[in-house]
**Student:** 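Once you've had a glance at the structure underneath, I'll fire off some questions.
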2 protein chains.
Amino acid sequence: MIMKALKRGETLETGDGRGIPGPDVTKGERTRVRILDEAAALASEGGIGAVTLGPLADRLGMSKSGLFAHFKSKEALQVEVLVRAAERFTEVVIEPIREEKDKAKRLGLFFNNWLGWIEHPSLGSGRGGCPILSAHFEFDDVPGPVREQAANHNAQLYALMRRLVYVALPQADEKAMVAAIDGLALSHLLRFRLMRDPAARKDTMHAFEALMKNPPLKVA
Amino acid sequence: MIMKALKRGETLETGDGRGIPGPDVTKGERTRVRILDEAAALASEGGIGAVTLGPLADRLGMSKSGLFAHFKSKEALQVEVLVRAAERFTEVVIEPIREEKDKAKRLGLFFNNWLGWIEHPSLGSGRGGCPILSAHFEFDDVPGPVREQAANHNAQLYALMRRLVYVALPQADEKAMVAAIDGLALSHLLRFRLMRDPAARKDTMHAFEALMKNPPLKVA
DNA sequence: TAATAAAACGAACGGTCGTGCTATTAATCG
DNA sequence: CGATTAATAGCACGACCGTTCGTTTTATTA
């Protein structure tokens, strides 16, 4: 397999959305990504609040100070972890639905991908839950840049969902519908992770299908 | 107003569910309740993880060690905070619905009370959100007694909701219905607290009414 | 390869955390 | 009241936190 040499700053797209940094990317850039991925895995298990420098450095086999030098503060690191997780979310949950040519079917596909992400977020070695949703509840009342980033990501997600709803069910009230769908995803997270209910997915899908069949309608 | 003297261990029911400890209750018992209430207020603002001995002692105007002496460990304190919050939840959200004699209407009443609690949980001086739901997402992947307590409380809540659903809509699939209702409450929390959407309640109620009109049905 | 810049390290800092002790004060009861 | 017990304070500890700094190692480039 012949490939042209990568110049600095280029990345080899691998299709899984992760990308392999080219050899001429500065070393700092490479470890920076390593740090963010491992931090996301950590956040996946114990929430953003669990992203702490000591344990993170241990996992990466490097020193606290060496790690810290990549970021201006711990808060900045936490924000970047959320950004990175949001990128992965886009790649795993959102991007793939564009392959469905029947646009009306995209909403169902999106919801399905989302449930998959909630059950198994593709974040490094983490076997835990989605750090984005955790952050939403962890920081919903804590002012600061983390809260802003969380709210910002959620706003984008809501906007996307409203568009998907409008295309799939033009007669439905978009905002009420988004509330219902978002809610089903959140409740699924609880029943799957906290309650460990083996029937969680079945129940979620049953409710979702009923919702699609009889959505809240626009008010006249 | 004449009242009989309270014996030790008795509490004067005030109707607001809080109760005034009788004068013969040991002082330790009284401050213990004070601690739990203030801790719940703290948890309300920054999650259970924010219930930390130093700041809590400051708020109460007492020493860290004096406070700590009331509990075997910080973890035990956190669990008791959740228990206390769950008690208040029962008093504020669940108990009042028994006054509705038309049992079919109780589900709607419950949901309404729940939204009120989510917007303004009656927990001491805290102006933040519901510490129970925060704990669900904060500890859904963190093993330990806090997680167990959270899961336990949620299980009871789900059981109650299933019963309410069965009475109100016998033809509905209880578990799917619970998923949808639970989800609407969770999503409401996000739209109300994180997004600060002034229309949150309207959208939530719209979706809820559509759900009541066309619930997911039992499978044959 | 030598010169230069980037990255990682090790040690230390002030601070806060949870948790033991011992002494002291306050509540309770005979 | 005085005697006894419960409640609180004061203090110290070891661990970990985020952060800084000066040094050393490793990449990069000329």
**Student:** Donor-acceptor pair, A:R32 side chain versus A:H70 backbone, under 3.5 Å?
**Tutor:**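 Between the backbone of A:H70 and the side chain of A:R32 there is a qualifying donor-acceptor contact (under 3.5 Å).
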**Student:** Using whole Å, report how far CZ of B:R30 lies from C1' of D:dA6.
**Tutor:** 12 Å
**Student:** With 3.5 Å as the limit, what N/O pairs link the protein to nucleotides 1-4 of chain C?
**Tutor:**
none

**Student:** Drop me the distance from B:L211's CG to B:L184's CG, to the nearest 0.5 angstrom.
**Tutor:**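 Interatomic distance, B:L211 CG to B:L184 CG, rounded to 0.5 Å: 6.5 Å.
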**Student:** D:dA9 P sits how many Å from B:D58 CG, rounded?
**Tutor:**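 B:D58 atom CG is separated from D:dA9 atom P by 11 Å.
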**Student:** Side-chain N or O of A:R34 versus OP1/OP2 of C:dA7: is the shortest distance under 4.0 Å?
**Tutor:**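 The answer is no; no side-chain N or O of A:R34 sits under 4.0 Å from OP1 or OP2.
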**Student:** Would you say the side-chain atoms of B:E138 pair up with the backbone N or O of B:G49, donor to acceptor, closer than 3.5 Å?
**Tutor:**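 Looks like yes, one N/O pair under 3.5 Å.
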**Student:** OP1 or OP2 of C:dG18 versus the side-chain N and O atoms of B:S73: is any pair under 4.0 Å?
**Tutor:**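 Result: no.
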**Student:** Examine D:dA6: is either OP1 or OP2 under 4.0 Å from a nitrogen or oxygen in the side chain of B:T26? Give yes or no.
**Tutor:** no
**Student:** Could you name each residue pair satisfying ring pair (Phe, Tyr, Trp, His ring centres under 6.0 Å) that touches residues 128-162 of chain B, not counting sequence neighbours?
**Tutor:** A:F137-B:F137, B:F89-B:H153
**Student:** Please round to the nearest 0.5 Å and tell me the distance separating atom CD1 of A:I181 and atom CD of A:E174.
**Tutor:**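 Here the rounded value is 11.0 Å.
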**Student:** Can you tell me how far apart CG (B:L53) and NZ (B:K74) are? Round to the nearest 0.5 Å.
**Tutor:**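 Nearest 0.5 Å value for the CG-NZ distance: 7.0 Å.
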**Student:** Can you tell me how far C1' of C:dC17 sits from NZ of B:K74, to the nearest Å?
**Tutor:**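 Interatomic distance, NZ of B:K74 to C1' of C:dC17: 8 Å.
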**Student:** Just the rounded figure in Å: distance from P of D:dC16 to CG of A:L56.
**Tutor:** 16 Å
**Student:** Within the sub-3.5 Å range, which N or O atoms of nucleotides 9-12 of chain C have a protein N or O partner, and how far apart are they?
**Tutor:**
from	atom 1	to	atom 2	distance (Å)
C:dC9	OP2	A:S63	N	2.6
C:dC9	OP2	A:S63	OG	3.0
C:dC9	O5'	A:S63	OG	3.4
C:dG10	N7	A:S65	OG	3.0
C:dG10	O6	A:S65	OG	2.5

**Student:** Could you measure the distance from the CE atom of B:M195 to the CG atom of A:N152? Nearest 0.5 Å is fine.
**Tutor:**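 If we round to the nearest 0.5 Å, B:M195:CE and A:N152:CG are 8.5 Å apart.
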**Student:** Using whole Å, report how far CG of A:L53 lies from C1' of D:dA15.
**Tutor:**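 Rounded to the whole Å, the gap is 16 Å.
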**Student:** Think A:K27 has a side-chain N or O under 4.0 angstrom from the OP1 or OP2 of C:dA7?
**Tutor:** no
**Student:** Distance-only, no hydrogens or angles: does the B:T204 side chain make a donor-acceptor pair with backbone N or O of B:A200 under 3.5 Å?
**Tutor:**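 Confirmed, B:T204 side chain pairs with B:A200 backbone.
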**Student:** Output the rounded distance in Å from CZ (B:F68) to P (D:dA7).
**Tutor:**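 Taking atom P of D:dA7 as the reference, CZ of B:F68 is at 16 Å.
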**Student:** Separation of B:L60 atom CG from D:dA7 atom C1', in whole Å?
**Tutor:** 14 Å
**Student:** Assign the ring pair B:W114 / B:F111 to parallel, tilted or perpendicular, where the plane angle (0 to 90°) is split at 30° and 60°.
**Tutor:** perpendicular
**Student:** Answer yes or no: does a side-chain N or O of A:H70 lie under 4.0 Å from OP1 or OP2 of C:dA6?
**Tutor:**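 Answer no for this pair, as no side-chain N or O of A:H70 is under 4.0 Å from OP1 or OP2.
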**Student:** Between A:K72 and A:P55, which has a closest nucleotide on DNA chain D that is more 5'?
**Tutor:**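 The residue closer to the strand's 5' end, by nearest nucleotide, is A:P55.
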**Student:** Could you tell me how far apart B:F71 (CZ) and D:dA7 (C1') are, to the nearest whole angstrom?
**Tutor:**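 Rounded to the whole Å, the gap is 13 Å.
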**Student:** For the pair A:D197 and B:K175, find out whether any cationic side-chain nitrogen is under 4.0 Å from an anionic carboxylate oxygen.
**Tutor:**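 Looking at A:D197 and B:K175, the cut-off is met.
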**Student:** Is the phosphate of C:dA7 approached by A:T31 (side-chain N or O, under 4.0 Å from OP1 or OP2)?
**Tutor:**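 Answer is no, no contact under 4.0 Å.
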